[in-house]
J.: 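Okay, here's the structure, questions in a sec.
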Amino acid sequence: MCGIVGYIGHRDAYPIIIKGLQRLEYRGYDSAGVAIYDGKNINLSKTKGKVEDLKKKSESEISLAGKLGIGHTRWATHGVPNDVNSHPHYSNSGELVIIHNGIIENYDSIKKELIKRGYVFHSDTDTEVLVNLIEEVKKKEDVKLGKAVQIALNQVVGAYAITVFDINKPDEIVVAKLGSPLAIGIGENEFFIASDASPFIEFTNNAMYLEDEQMAILRLGKEIKLRKIKDDSVVYPNIQELQLNIEEIEKGGYDHFMLKEIYEQPRAILDTYRGRLLASQGLIKMAGVDDNLEKFLNANRIIIVACGTSWHAGLVAEYIFEDLARIPVEVEYASEFRYRNPVITDKDVVIAISQSGETADTLAAIKLAKEKGAFVFGVCNVVGSSISRETDAGAYTHAGPEIGVASTKAFTTQITILTLIALKLAKEKGVFSTSKLHEFLTELENIPSKVEKALQSNKLVEKIAEVYKDSTNCLYLGRGYNFPVALEGALKLKEISYIHAEGYPAAEMKHGPIALIDEHMPVIVIATNKGHYDKVVSNIQEIKSRKGRIIAIVTEGDTTVKELADYVIEVPETFESLTPLLTTIPLQLLSYHIALMRGCNVDQPRNLAKSVTVE
Ligand code: AGP
C-alpha cells in the first residue's frame, strides 16, 4: 500500500500535497517524493525515509511554487527503499511524471521491450516502466496523455492507482485505478486526488471514488471525463458528499487499524500470491526460491526461526512442508535458538519469518545460522528491513503496512507465502503431480473469497464476545494444522484483552489442562471437518461432560458439533492444509471484540510494541 496525493487548481499545490502525504503516512512510510509544475519546469524532490524527511529536503532544494503537483509516500513492493526508487518517476523525455500505488506484475517483460526501443531506466521499480510505456504509446500512436494512458493500461497486468501529468498539458491530470484505491475531491475549479479523502476533506467533501478499470481526465474548468480503461467508453461520475472525519478516513471507516487489517486479509492474501501463483499454468514463480532451488531440494532439513505470531505461522508451515513436500522441518523460537548453541550445518536451510523485519531475536538467529554455513531465506512484510537485507534470499508478503500491534494479516500472508514455497518444492521433488498442484493452486485462488465469507461471522462473534468478555481464563484447542491456530488465537486474546489464555493440542487436554475445565472456563475448539474431526468431537464431549463452556469453529454445515457446543462459528470448507487461513479469522474477531468491550486499547495494547527491536 502506498499513499498518493495530487492537486490541480488555483491554490499552491505543495502545502496541500505535503500535508496530504502526512495524513497518508499510515499507508506506507519507507520513502516519499513530490513533483510540482511551476509553469515552466517540473521540480521534483524525493528521498528514502518519512514525509518529514521529504519536507526538509524538498524545502531546501526545489522551488515549491506551482498550482499542479503530485506526491507519494511509498510502501515498497519492487525495489528496496532508496532515493532513486522513490516516487514520483519521470519518463525518459522528462515530460511525463507519475506516482503509483500497486504492483505491475508483467513489468519485467515490458521493461525488456522498452529497453530494446532505447529506453533507459534509473530505478528498479515497476512504476518507472509504466510511465515509459505510456510515453512510448503517446509517441507511437501520436495521441494525448489520456488516450496513451488508456492504451498502455490495457497492456499491463496487476494492480494500480496512478496519477500522471504531461508538462506540455499543464491544465490536466490523468488518473486510473485497478485494485488500489483512488479518491477524487472536486472543488471550485480545482481537483484533488488521493488514496483516501483525508488529504482533501478540509477543502471539499464533494468526492468520487474511481471504480476498478476506470480512468479520469481532470481538466481545469471542465467536467470530469470518466472512462472505462478497457474500451474508452464514457462513464457518468457518481459524486457524493462525504460525512467522514480525518481519523475515520485513515482507518478506512473502521474503528481501529486492527479491524481494518482483519478485513484487509482477502486483498492482502491476493496481493501476496499475485504474480507468483499461475494456477492455469500450474506454475509458482518466486525468484528467491527459483534462484536457490537446489539448496532447498538438497537440504537435510528446514529450520524455521521466528517470534510470536510469526512463530505460529512457522508451526503451520511445519505441517505444510512435512505433509505436502515431505521435507523435515523444525520450528524454533528465535529467542531460544540463538542462545542454545544449536547444531547447524551447510546442509540446513533456515527460513526466518518476520512481519517487521526488525525483530532483534530473529535477526540474531539469522546471523548465527549464517555463521554456521546455513542458507537463510527471509519472509518479511517490510521491504528493505534489516532481516530482508541480512538473509541470503527471500520473499515479501504484500500485506501492506500492519499498524495494529496485534498481527493479523501478517499471519495469513506469511502462511500464503510458505504454502507457495511448499507446493513448489513438492512439485519439484515429484511428490505432487501436475494435476494435484493445479487442484491445490486453484483452491488457493479461492481463499480470498472464502476469507470474505469467514468475515461474515463478525456479528455472531461480537455476540459471543459479549457473553465471554469477563472471563479470567480461556483455553484454545486444535489438532494438526489447527494446533498452531489455537496458539495464535490464545496469543491474540491475551495480548489485547489481557485475559490469560492458553493454546493446546486438543489431544493434550487429558494430560493436564482438563483439570481446568469447569462451568467458568470458556474453551474455544477448532473442529473443522478435516484432520481427526472425530477425535476433536470426543474432546468436545469430554469438555461438555465437565460443564466447560464451548465455542467451536466448524466447517459450514456441521450439525454434530452444533449439538454439543454453546456456540458454533462456521467457516467455509477448504483443503485441510489451508484451513488455518480461515479458522484464524473468527479468533481474530473474537479477541478484537472482547478487548473492545473490556475498554482495552486494541491498536496499542499495554506493554507491547509493534516491532520488538530489543532483546
Ligand atoms: C503478534 O500479534 C505480536 N505483535 C508479536 O508476537 C509479533 O508477532 C512478534 O513480536 C514478531 O514480530 P515480527 O513478525 O515483526 O518479527
Side-chain angles (χ1 to χ4, degrees), residues 30 75 256-262 264-265 268 272 304-317 331-338 350-367 376-391 394-418 476 484-499 501 503 580 584-585 587-592 594-595 600-615:
D30 57 43
W75 181 263
H256 299 92
F257 280 112
M258 181 183 176
L259 190 61
K260 174 171 173 272
E261 288 151 12
I262 289 172
E264 280 178 342
Q265 289 179 107
T272 294
I304 295 177
V305 293
C307 300
T309 289
S310 297
W311 183 76
H312 296 149
L315 282 180
V316 174
V331 185
E332 299 261 2
Y333 276 120
S335 52
E336 283 297 306
F337 181 77
R338 63 177 292 197
V350 172
I351 296 180
I353 308 171
S354 175
Q355 186 287 130
S356 62
E358 300 300 341
T359 300
D361 285 322
T362 309
L363 198 52
I366 291 164
K367 287 176 178 168
V376 186
F377 185 91
V379 177
C380 290
N381 191 39
V382 181
V383 176
S385 56
S386 303
I387 287 176
S388 70
R389 282 181 282 113
E390 187 62 35
T391 48
Y396 288 116
T397 50
H398 291 156
E402 188 175 70
I403 310 294
V405 165
S407 222
T408 50
K409 60 180 182 174
F411 180 65
T412 47
T413 52
Q414 287 163 352
I415 293 172
T416 302
I417 286 267
L418 293 158
Y476 286 71
V485 180
L487 295 176
E488 172 59 10
L491 174 62
K492 288 281 100 44
L493 186 71
K494 66 184 128 185
E495 70 173 320
I496 64 173
S497 74
Y498 318 142
I499 294 174
T584 196
I585 302 298
L587 303 187
Q588 294 169 345
L589 293 169
L590 184 65
S591 61
Y592 170 79
I594 289 178
C600 299
N601 183 334
V602 172
D603 283 333
Q604 291 163 342
R606 69 185 183 194
N607 311 337
L608 285 171
K610 184 57 190 167
S611 175
V612 183
T613 55
V614 295
E615 300 184 359

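The first residue in the sequence is number 1, and the count goes up from there. Fair warning: this is a prediction, and the values are worked out from it, not measured in the lab. Atoms within each ligand, like the ligands themselves, are counted from 1 in listed order.
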J.: For Gln588 and Thr408, does a side-chain donor sit closer than 3.5 Å to a side-chain acceptor?
T.: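 There is no such pair (donor and acceptor under 3.5 Å, judged by atom type) between the side chains of Gln588 and Thr408.
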
J.: Report, as yes or no, whether the 6.0 Å neighbourhood of atom CD on Gln604 holds more than 12 heavy atoms from other residues, nucleotides or ligands.
T.: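 Count not over threshold, so no.
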
J.: When you measure from atom 6 (O) of ligand 1 to every protein heavy atom, which one gives the shortest distance, and what is it?
T.: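 Heavy-atom neighbour on the protein nearest atom 6 (O) of ligand 1: Gly308 CA, 3.2 Å.
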
J.: Give me the nearest non-hydrogen protein atom to atom 3 (C) of ligand 1 as residue plus atom name, then the distance to 0.1 Å.
T.: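 Heavy-atom neighbour on the protein nearest atom 3 (C) of ligand 1: Glu495 OE1, 3.4 Å.
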
J.: Does ligand 1 have any atom that is closer than 4.0 Å to a heavy atom of Val405?
T.: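 Val405 counts as a contact of ligand 1 under the 4.0 Å cut-off.
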
J.: Taking 4.0 angstrom as the limit and counting only heavy atoms of Ser310, give me the atoms of ligand 1 inside it, by number and element.
T.: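 Going through ligand 1 atom by atom, the ones under 4.0 Å from Ser310 are 8 (O), 13 (P), 14 (O).
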
J.: Atom 15 (O) of ligand 1: which protein heavy atom is closest, and how many Å away?
T.: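 The answer is Ser356 OG, 2.6 Å.
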
J.: Looking at every non-hydrogen atom in both residues, tell me the closest pair between Ser497 and Ile594 and how far apart they are.
T.: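 For Ser497 versus Ile594, the nearest heavy atoms are CB-CG2, 3.9 Å.
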
J.: Do me a favour and list the nearest non-hydrogen protein atom to atom 10 (O) of ligand 1 with residue, atom name and distance?
T.: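 Nearest protein contact, heavy atoms only, for atom 10 (O) of ligand 1 is Val612 CG2, 3.8 Å.
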
J.: Relative to ligand 1, is Thr359 under 4.0 angstrom through side chain, backbone, both or neither, heavy atoms considered?
T.: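 The part of Thr359 near ligand 1 is the side chain, not the backbone.
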
J.: For atom 8 (O) of ligand 1, which protein heavy atom lies nearest, and how many Å away is it?
T.: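 Here the nearest protein heavy atom works out to Thr309 N, 3.0 Å.
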
J.: If the cut-off is 4.0 Å to any non-hydrogen atom of Ala406, which atoms of ligand 1 fall inside it?
T.: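 That gives atoms 2 (O) of ligand 1.
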
J.: Between Thr397 and Gln414, is any side-chain donor less than 3.5 angstrom from a side-chain acceptor?
T.: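 Looking only at side-chain atoms, Gln414 and Thr397 do not form any donor-acceptor pair under 3.5 Å.
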
J.: Answer with yes or no whether Glu358 contacts ligand 1, where contact means a heavy atom under 4.0 Å from a ligand atom.
T.: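 The answer is no: ligand 1 sits nowhere under 4.0 Å from a heavy atom of Glu358.
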
J.: In the protein, which heavy atom is nearest to atom 9 (C) of ligand 1, and how far is it?
T.: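 Heavy-atom neighbour on the protein nearest atom 9 (C) of ligand 1: Cys307 O, 3.9 Å.
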
J.: Hey, which atoms in ligand 1 end up nearer than 4.0 Å to a heavy atom of Ser407?
T.: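 It comes down to these atoms of ligand 1: 1 (C), 2 (O).
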
J.: Does the plane of the ring in His256 sit parallel, tilted or perpendicular to the ring in Tyr592? Use 30° and 60° as the thresholds.
T.: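 Plane angle over 60°, so perpendicular.
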
J.: Just so I know, are the side chains of Glu488 and Thr309 near enough to count as touching, which here means a heavy-atom distance under 4.5 Å?
T.: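 SC-SC contact between Glu488 and Thr309 confirmed.
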
J.: For the residue pair Ser310 / Gln355, report whether a side-chain donor-acceptor contact shorter than 3.5 Å exists.
T.: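 Absent: no donor and acceptor within the cut-off.
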
J.: If I take atom SG from residue Cys380 and atom CD from residue Glu390, how far apart are they, to the nearest 0.5 angstrom?
T.: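 Going from SG on Cys380 over to CD on Glu390, the span is 11.0 Å.
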
J.: Do you know the tightest heavy-atom contact between Ile304 and Gly314?
T.: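 Scanning both residues, the minimum pair turns out to be CD1-O, 3.6 Å.
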
J.: So if I count the atoms of ligand 1 from 1 in the order they appear, which ones are less than 4.0 Å from some heavy atom of Ser354?
T.: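 This gives 13 (P), 14 (O), 15 (O), 16 (O) as the contact atoms.
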
J.: Show me which atoms of ligand 1 lie under 4.0 Å from any heavy atom of Lys492.
T.: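 Reading through ligand 1 atom by atom, the close ones are 1 (C), 2 (O).
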
